[in-house]
Visitor: 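This is the structure I want to talk about, given as structure tokens.
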Amino acid sequence: MKSVLFEVKGMNTPEDRINVMNAIHKYSGVLFIDVNMHEEKVKVDYDPNNITIGDMCRYIESENYIVDVLSDS
């Protein structure tokens, strides 16, 4: 298991929080998602054998948010 912390710009409402979670939770390999809407941070625990950081960025960006990777471990 690995973890990644994203900065996701554009989350302003509770619906945005749900949209971000829905963008990635359905994919195999995503184990846990923690969204802090007020700080615009999303922490994801994932299995790197099933999903990549790039994949998650693309999925979130497809919902019209701006994503930056802050850290990964």
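These numbers come from a predicted model, not from an experiment.
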Visitor: Are Val69 and Cys57 side-chain neighbours, meaning at least one heavy-atom pair lies under 4.5 Å?
Guide: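 A side-chain contact under 4.5 Å exists here.
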Visitor: With a 4.5 Å heavy-atom cut-off, do Ile66 and Val8 have their side chains touching?
Guide: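 They are not in contact (no side-chain heavy atoms under 4.5 Å apart), so the answer is no.
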Visitor: Would you mind reporting whether Val20 and Met11 have side-chain heavy atoms less than 4.5 Å apart?
Guide: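 Met11 vs Val20: side chains touch.
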Visitor: Scan residues 1-57 for pairs that pass ring pair (Phe, Tyr, Trp, His ring centres under 6.0 Å), counting only residues two or more places apart or in two chains.
Guide: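 Matches after skipping sequence neighbours: Tyr27-Tyr59.
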Visitor: Strictly by salt bridge (Lys or Arg N to Asp or Glu O under 4.0 Å), give each pair with a member in residues 57-73 just once, sequence neighbours left out.
Guide: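 Residue pairs with at least one partner in residues 57-73: Asp55-Arg58.
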Visitor: What pairs meet the salt bridge (Lys or Arg N to Asp or Glu O under 4.0 Å) rule with one or both residues in residues 14-27, with sequence neighbours excluded?
Guide: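 Pairs touching residues 14-27 that pass the test: none.
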Visitor: To the nearest 0.5 Å, what is the distance between NZ (Lys2) and CG (Asn49)?
Guide: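 If we round to the nearest 0.5 Å, Lys2:NZ and Asn49:CG are 10.0 Å apart.
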Visitor: Please list, chain by chain and in numerical order, all residues satisfying side-chain hydrogen bond (donor to acceptor under 3.5 Å, both in side chains) with Asn64, sequence neighbours excluded.
Guide: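 None.
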Visitor: Tell me who clusters with Leu70, hydrophobic residues only, linked when side chains sit under 4.5 Å apart either directly or through other members.
Guide: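 ILVMFWY cluster around Leu70 also holds Leu5.
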Visitor: Mind jotting down which residue pairs meet the salt bridge (Lys or Arg N to Asp or Glu O under 4.0 Å) criterion with at least one end in residues 27-41? Sequence neighbours excluded, please.
Guide: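 Pairs touching residues 27-41 that pass the test: none.
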Visitor: In the hydrophobic clustering that connects Ile, Leu, Val, Met, Phe, Trp and Tyr at side-chain heavy-atom distances below 4.5 Å, which members other than Met1 occupy its cluster, ordered by chain and number?
Guide: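 Its cluster partners, ordered by chain and number, are Leu31.
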Visitor: Between Ile24 and Val44, is there a side-chain heavy-atom distance shorter than 4.5 Å?
Guide: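 When only atoms from C-beta onward are counted, Ile24 and Val44 do touch, with a gap below 4.5 Å.
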Visitor: Mind checking what makes salt bridge (charged side-chain N to carboxylate O under 4.0 Å, His left out) contact with Lys43, not counting sequence neighbours?
Guide: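 Here the qualifying residues are Asp45.
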